[in-house]
Amino acid sequence: MSAGMPGLLHLAAAVGRPDERDADALVAAVRLAERGGLDFVTFGDPAAPAGPGVLAALPAVAAATERVGLVPALPGGADGPTGSGGLTGPGWPGGVSGTRVLEPGVPGAVALEAGVPGTGGPRIGVPGNGVPGIGVSETGVPEAGVPGFGVFQAGVPEAVGELDRVSRGRGGWWSDPAPRAAEGAATREPVSGARPVRVAGATGAPDAAALCADVVLVPASGPAQAAGLRAELRALAAESGRDPDGLRVLATLLVDLDGEYAAERGHGGGGPRPTPRGPLYRGGPVDLAELIASWYAEGAVDGFHLTPVDPRRDLERLVNGTVALLQHRALFRTFYPGGTLRDHLGLARPRALT
C-alpha cells in the first residue's frame with residue numbers, strides 16, 4: 001500500500017436520530033450534507049435502526065435531493081430476499097415494492113412487474129408471465145420499456161430496491177452480516193454493480209463483511225489500527241475472489257465539535273479516544289480536518305463515516321468547517337461528477353446496454 005491514497009477521500013455522515021419524527025428537519029439535514037458533497041448519509045445504525053418517523057420521511061428526502069446517497073440502517077438479519085427490514089409505510093407509493101437486482105448472467109431477460117399476494121403492492125416477478133417488462137437504462141436505473149438484464153433475489157430488502165429506484169441509483173442499506181457458522185458454510189452473496197450499495201460493520205464478522213459489502217465501517221482510534229483493519233478486509237476480499245479495489249473501508253468516528261476541548265489531551269489534535277459507543281473525537285472542525293487528512297495521507301482508510309454527537313449543531317460545523325477545509329486542500333470533491341452512489345464511491349456500475 002502506498003503512503004497515500006489514490007484520488008479523493010470519501011466522507012459520509014449520520015443524520016438525525018433513529019427516533020427522529022421531524023421530517024422537515026431530516027430533509028434539511030440531508031440537503032446540508034448534499035451541499036457539502038458527502039458521498040452518503042446514514043439513518044440510524046444496526047443497533048438502533050431507523051425508526052418509523054425516519055422511514056416515513058425517506059420518500060420526501062429522496063424527492064428533495066439529487067445526488068447524495070441515502071442509506072437507512074436496518075436491524076441485523078434484515079437480509080432475506082423478501083424481507084423489507086421495516087421500510088414500509090404510507091410514504092412508499094404502492095406499499096412495499098420488489099427487490100430490483102440485475103443479473104448480467106441472464107441475457108435477454110427483463111424484470112417484470114407482477115402482483116404478489118400479501119405484499120400490499122407490486123413487486124418484481126419472473127419472465128414469462130405476460131405482464132409489462134421493466135429493464136435497466138444505460139445509467140443503471142430500472143426504467144419501463146428499456147430492454148435489460150434479468151432479476152434475481154439476492155438478499156436486498158424489498159423497499160431498499162424501491163428507495164434505489166425512486167432516488168435513481170442513490171439508495172443503499174446498512175445491515176451487519178451474521179458471522180459464518182463454519183468454514184465454507186456461508187453462501188457468498190453476489191456483489192453486483194447493479195444492486196443498491198451494501199454497507200456493513202466489520203466488528204464480529206470481518207469475513208462476512210468482506211464477502212458481501214461494498215462499504216465496510218471500522219471503529220479505529222488511530223491510523224495504525226485503521227490501516228491494519230483495512231489490510232485484513234482487503235485480504236479477505238481477495239481470498240473470496242473479489243477485487244479488493246471494489247471495497248471501500250471507512251473509519252467510524254463519533255464527533256463532538258463543541259470546540260472547547262480541542263486542547264485536552266486525547267481529544268482534538270491528540271486524536272480520538274475509545275468509548276462504549278466507539279471512538280470519539282472531541283474538538284474543533286479544524287483539528288478534525290487535520291486528523292482526516294493525516295490518516296488519509298498515511299493510506300490508513302479510504303475515508304470516514306462521522307456521527308455527530310449533537311446532530312444539528314455538529315453536522316453544520318462538519319459541513320461548513322471540516323469539509324470546507326478539506327475541499328480547500330483539494331482532498332474532497334467540490335461537486336458530484338456522477339449521479340449515483342456507486343459513482344460517488346468509485347464502484348463499478350452495470351455494463352452499458354447495446
Side-chain angles (χ1 to χ4, degrees), residues 4-16 25-43 58 60-72 139-141 163-164 166-174 196-197 199 214-217 247-255 257 281 284-297 300-308 311-349:
M5 305 293 293
L8 301 178
L9 64 88
H10 300 285
L11 292 176
V15 295
L26 200 62
V27 168
V30 178
R31 293 183 69 177
L32 173 62
E34 184 171 70
R35 287 199 297 273
L38 270 60
D39 292 58
F40 62 91
V41 294
T42 57
F43 307 88
L58 284 181
V61 170
T65 55
E66 297 181 351
R67 292 289 187 268
V68 68
L70 308 173
V71 180
T139 61
V141 178
L163 173 63
D164 193 55
V166 301
S167 64
R168 296 186 176 273
R170 294 187 288 127
W173 87 105
W174 178 6
V197 167
V199 177
D214 302 291
V215 178
V216 181
L217 307 181
L247 184 67
R248 300 291 174 263
V249 180
L250 308 187
T252 62
L253 288 180
L254 294 163
V255 293
L257 298 181
Y281 164 88
V286 175
D287 281 341
L288 179 58
E290 289 294 332
L291 181 151
I292 289 172
S294 64
W295 286 30
Y296 187 69
V301 289
D302 299 301
F304 287 79
H305 174 264
L306 305 168
T307 299
R312 297 184 182 179
R313 178 198 68 195
D314 293 334
L315 182 63
E316 187 277 330
R317 295 182 181 183
L318 171 66
V319 170
N320 293 329
T322 302
V323 172
L325 287 167
L326 293 169
Q327 291 170 333
H328 181 71
R329 296 176 62 174
L331 293 175
F332 191 60
R333 70 171 66 86
T334 56
F335 66 95
Y336 291 101
T340 71
L341 180 49
R342 289 187 174 275
D343 290 335
H344 309 340
L345 292 166
L347 297 173
R349 300 177 65 187

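All residue numbers refer to positions in the sequence shown, counting from 1.
- Residue pairs meeting the side-chain hydrogen bond (donor to acceptor under 3.5 Å, both in side chains) criterion with at least one partner in residues 314-325, sequence neighbours excluded, are Glu316-Asn320.
- Here the side chains of Leu38 and Val323 are in contact, with some heavy-atom distance below 4.5 Å.
- Taking every heavy atom of both residues into account, Val319 and Gly36 meet most closely at CG1-CA, 3.8 Å.
- Taking the side chain to side chain contact (heavy atoms under 4.5 Å, CB included) definition, one finds that Glu290 meets it with Arg329, sequence neighbours left out.
- Leu306 has its side chain out of reach of Tyr281: every pair of non-hydrogen atoms, C-beta onward, lies at least 4.5 Å apart.
- Judged purely by distance below 3.5 Å, without hydrogens or angles, the side chains of Asp39 and His10 pair a donor atom with an acceptor atom.
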Start with the C-alpha gap between Phe43 and Leu58, add the side-chain angles, then the distance that decides, and say whether side-chain contact (heavy atoms from CB on, under 4.5 Å) holds.
CA-CA 10 Å; Phe43 307 88; Leu58 284 181; 3.7 Å; yes

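- Inter-residue side-chain proximity for Val199 and Thr42 is flagged as unmet; no heavy-atom pair is nearer than 4.5 Å.
- Under the 3.5 Å distance criterion, the side-chain polar atoms of Arg248 are matched with a main-chain donor or acceptor of Leu345.
- Shown here for Ala29 and Val15, the closest heavy-atom pair between the two residues is CB-CB, 4.3 Å.
- Interatomic distance, OH of Tyr296 versus CG of Leu11, reported as 10.0 Å (0.5 Å rounding).
- Distance CG/Leu70 to CZ/Arg170: 5.0 Å, rounded to 0.5 Å.
- His344 meets the ring-ring contact (aromatic ring centres under 6.0 Å, His included) test with Tyr336; sequence neighbours excluded.
- Between Asp164 and Leu341, every side-chain heavy-atom pair lies at or beyond the 4.5 Å cut-off.
- Remark: Arg333 CZ to Leu9 CG distance equals 9.0 Å, nearest 0.5 Å.
- For the residue pair Ala62 and Val166, the shortest heavy atom distance occurs at CB-CG2, 4.3 Å.
- The shortest non-hydrogen separation linking Arg31 to Thr65 is CG-CG2, 3.9 Å.
- Side-chain atoms of Leu163 and Pro196, non-hydrogen and from C-beta on, never get closer than 4.5 Å to each other.
- Leu325 contributes atom CG, which lies 9.5 Å from atom CD of Gln327 (distance to the nearest 0.5 angstrom).
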I would like to know whether Arg342 and Asp214 meet salt bridge (Lys or Arg N to Asp or Glu O under 4.0 Å); could you show each step before the answer?
CA-CA 9 Å; Arg342 289 187 174 275; Asp214 302 291; 3.4 Å; yes

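- Interatomic distance, Asp302 CG to Leu247 CG, rounded to the nearest 0.5 Å: 7.5 Å.
- A heavy-atom distance below 4.5 Å is found between the side chains of Trp174 and Leu217.
- The CG atom of Leu315 sits 4.5 Å away from atom CG of Leu32, with the distance rounded to the nearest 0.5 Å.
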Going through the distances and angles, do Val68 and Val30 end up as a side-chain contact (heavy atoms from CB on, under 4.5 Å)?
CA-CA 8 Å; Val68 68; Val30 178; 3.7 Å; yes

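- Nearest heavy-atom pair, Val215 versus Phe40, reported as atom, atom and distance to 0.1 Å: CG1-CZ, 4.3 Å.
- Taking both residues in full, the closest heavy atoms of Ala251 and Val301 are given as CB-CG1, 3.8 Å, listed atom of the first, atom of the second, then distance.
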